[in-house]
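Just so it is clear: chains get the letters A, B, ... in the order the sequence lines come, proteins before strands, and each one is counted from 1. For the numbers below, each heavy atom of this structure counts, side chains included, while hydrogens, waters and symmetry mates do not.
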Number of protein chains: 2
Amino acid sequence: MSIRQDTRHLYLQVIEQIKRDIENGIYLEKQKLPSEFQLSKSLGVSRATLREALRILEEDGVVTRRHGVGTFVNPKPLFTSGIEELNSVTGMINDSGMLPGSQYLSADLVEATEEDKKRFAPVELHNIAKVERVRTADEQPVVFCVDKIPEHLIPIDHVREADSLFSTLEDYTGKRIGYAVTHIEPIGYHERISPILNCEPDQALLLLKQMHYSEDDVPMLLSSNYFRADKFSFHVLRKRV
Amino acid sequence: MSIRQDTRHLYLQVIEQIKRDIENGIYLEKQKLPSEFQLSKSLGVSRATLREALRILEEDGVVTRRHGVGTFVNPKPLFTSGIEELNSVTGMINDSGMLPGSQYLSADLVEATEEDKKRFAPVELHNIAKVERVRTADEQPVVFCVDKIPEHLIPIDHVREADSLFSTLEDYTGKRIGYAVTHIEPIGYHERISPILNCEPDQALLLLKQMHYSEDDVPMLLSSNYFRADKFSFHVLRKRV
DNA sequence: CATTCTTAATAGTCTGACATCTGACGTTCG
DNA sequence: CGAACGTCAGATGTCAGACTATTAAGAATG
């Protein structure tokens, strides 16, 4: 038994607790939450702290607050797991109820190109591990992946054994991947990749070229994923600003 | 002189004020903001209110807060105007410093398909205006658009004259488009559209199929935009959840 | 010189109070 | 009877001040 299980800030824990409670059906959609006074008592935090948590939840669209009325649980988003939610390819295949797999085409230590260096800046790098894989769902090839990882982050031997590069990288470095800047590009036909994915000539691919960063903004992984558009569909909630 | 200029909640005004100050260079990138105590004094609000504002700014990635150290202005938006920011095609072309234009191919009142009805649900519709246009930037064709608008929202005559369907629709209905659910799809070669956009056979297109909603969630416009991928680039900040 | 201690500054949290808004109910008056 | 108004309770919004936890940097120590 540790003295202190959770050293993170209180308001973050409160956010998670409330999200959990909504998830678990303790607070129902469209229903009013207990008043701030009651909630702060039952959560064991001050009203000020609770309010910071509720602000964020409101900002995230989880709840709606109305002055003089109360705080209400928003109906579930219809549009979850859009493209703005970052997930590993393994995770995406898992989520669709299929069995993820990998076929290694190559895994080499190569010299970083100028573009690589620019992308990974300000981290200095000379050699990078370049991994080419075909990702499969129920044995069928669906994604072609080119991943580049700075040499010092993970030994190349580990890379070869990994099924999910994502979690291997996280386990090994102890850092969690927090976000990725992703460029979206359509590919009509790719001389090399399309045949590998068993694509008909008219089957287009969607290329997501992503620079992954740790939660503290350290560049960790540059990957180019070519998705068969008939196997994956992406959507996004675009908001007017 | 009104009794009261701004009836919105204080913390919202504080957020805007701080954003303005950052915009205007009063607070510089990477620099530390004044302490919460000082800031609350200079803004004339309580520390609690200021903190709610700072929380949101942190959540939005505008600032970073470090316990015991201070609040810092984040270096800035490498990632602005990603795909999650909804903008009309006219707006996008404008933003890139080019002259937007439209070429009408057709504008007819047609019967809604079953799929249309499903998309626009729960609004009931029978006939919809279907508009096909080629959007140009500096006279060059860059986007092919198919827009569908429920008949009752806007007379078809108005549609034909409109350069920006987006703003015409907003002006006419008095409702502002708030967001759009967008499906992302790569198109390799389109028999009809590719030639219209003067595309080489290997030039892929990016199709954004969007259902636009007003701020109060009323479906207003269904549009399919085929972008020349060499003329537009989209990116998105994907966050781990 | 390296390590530890002290201290100042700052964000995090708590308490209790008052202000303002909303919705519901009851009263008044035409 | 019905519409307008008044009142009130309960909720979120805002405030002031105090205390805690964390960090960084300088001082003291070995």
Side-chain angles (χ1 to χ4, degrees), chain A residues 2-18 21-22 26-74 215-217, chain B residues 2-18 21-22 26-74 216:
Chain A
S2 67
I3 303 292
R4 176 127 175 239
Q5 288 101 338
D6 201 336
T7 92
R8 292 167 315 141
H9 290 146
L10 255 183
Y11 77 96
L12 289 173
Q13 302 178 42
V14 170
I15 288 173
E16 291 186 4
Q17 180 63 50
I18 294 178
D21 289 348
I22 292 176
I26 296 178
Y27 306 127
L28 298 176
E29 285 181 13
K30 283 290 184 185
Q31 293 285 307
K32 195 163 80 66
L33 288 181
S35 73
E36 293 182 352
F37 183 79
Q38 287 177 293
L39 247 188
S40 66
K41 288 300 176 216
S42 75
L43 288 171
V45 301
S46 73
R47 213 185 129 212
T49 298
L50 172 68
R51 280 179 59 79
E52 290 197 17
L54 288 179
R55 266 286 165 261
I56 304 261
L57 287 172
E58 181 186 36
E59 179 76 0
D60 284 353
V62 177
V63 302
T64 298
R65 322 188 68 196
R66 291 170 57 200
H67 189 182
V69 185
T71 301
F72 301 83
V73 180
N74 282 338
E215 278 161 339
D216 48 352
D217 305 316
Chain B
S2 66
I3 302 293
R4 187 158 187 193
Q5 284 110 337
D6 200 337
T7 90
R8 293 168 316 141
H9 290 148
L10 254 183
Y11 77 95
L12 289 174
Q13 302 179 41
V14 170
I15 288 173
E16 291 187 4
Q17 181 62 51
I18 294 178
D21 288 349
I22 292 176
I26 297 178
Y27 306 127
L28 299 176
E29 285 183 9
K30 280 292 189 182
Q31 293 287 307
K32 195 163 78 65
L33 288 181
S35 73
E36 293 183 353
F37 184 79
Q38 287 176 293
L39 247 187
S40 67
K41 288 300 175 215
S42 75
L43 288 171
V45 301
S46 74
R47 216 185 126 209
T49 298
L50 171 68
R51 280 179 59 80
E52 290 197 16
L54 288 178
R55 268 282 165 264
I56 306 255
L57 288 172
E58 182 186 35
E59 178 77 0
D60 284 351
V62 177
V63 302
T64 298
R65 323 186 69 196
R66 291 169 55 199
H67 189 181
V69 185
T71 301
F72 301 83
V73 180
N74 280 339
D216 48 352

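The CG atom of A:Leu50 sits 16 Å away from the P atom of C:dG12 (whole-angstrom rounding). In this structure, the CD atom of B:Glu36 is 17 Å from the P atom of D:dA18, given to the nearest Å. Nucleotide D:dT12 holds its C1' atom 10 Å from the NZ atom of A:Lys32, rounded to whole Å. The CD-C1' distance, from A:Gln13 to D:dA21, rounds to 14 Å in whole Å. One can place NZ of B:Lys41 at 16 Å from C1' of C:dT10, the figure rounded to the nearest angstrom. In this structure, B:Arg65 atom CZ and C:dT10 atom C1' are separated by 10 Å, rounded to whole Å. A straight line from CZ of B:Arg51 to P of C:dT15 spans 15 Å, rounded to a whole angstrom. Separating the CZ atom of B:Arg47 from the P atom of D:dT20 is a distance of 14 Å, rounded to the nearest angstrom.
Comparing A:His9 and A:Arg55 by the nucleotide of DNA chain D whose heavy atom lies nearest to each, the residue mapping closer to the 5' end is A:Arg55. For B:His67 and A:Gly44, each mapped to the nucleotide of DNA chain C holding its nearest heavy atom, the one lying further toward the 5' end belongs to B:His67. DNA chain D is contacted by both B:Ala48 and A:Gln38; A:Gln38 maps to the nucleotide lying nearer its 5′ end (nearest heavy atom per residue).
Between A:Leu43 and A:Gln17 the shortest heavy-atom distance is CD2-CG, 3.8 Å. Here the closest heavy-atom approach between residue B:Gly70 and residue B:Lys32 is recorded as CA-CD, 4.1 Å. Closest approach of A:Leu54 to A:Val63, counting heavy atoms only: O-CG2, 4.1 Å.
In this structure, CG in B:Leu10 is found 11.0 Å from CD1 in B:Ile15, a value given to the nearest 0.5 Å.
In this model, the phosphate group of D:dG13 is not approached by any side-chain N or O of B:Thr49 to a distance below 4.0 Å at OP1 or OP2. Residue A:Arg66 places at least one side-chain N or O under 4.0 Å from the OP1 or OP2 atom of C:dG23.
The residue B:Phe37 sits apart from the nucleic acid: no heavy atom pair falls under 4.0 Å.
Looking at B:Arg55 and A:Glu52, a side-chain N of the basic residue comes within less than 4.0 Å of a carboxylate O on the acidic one, giving a salt bridge.
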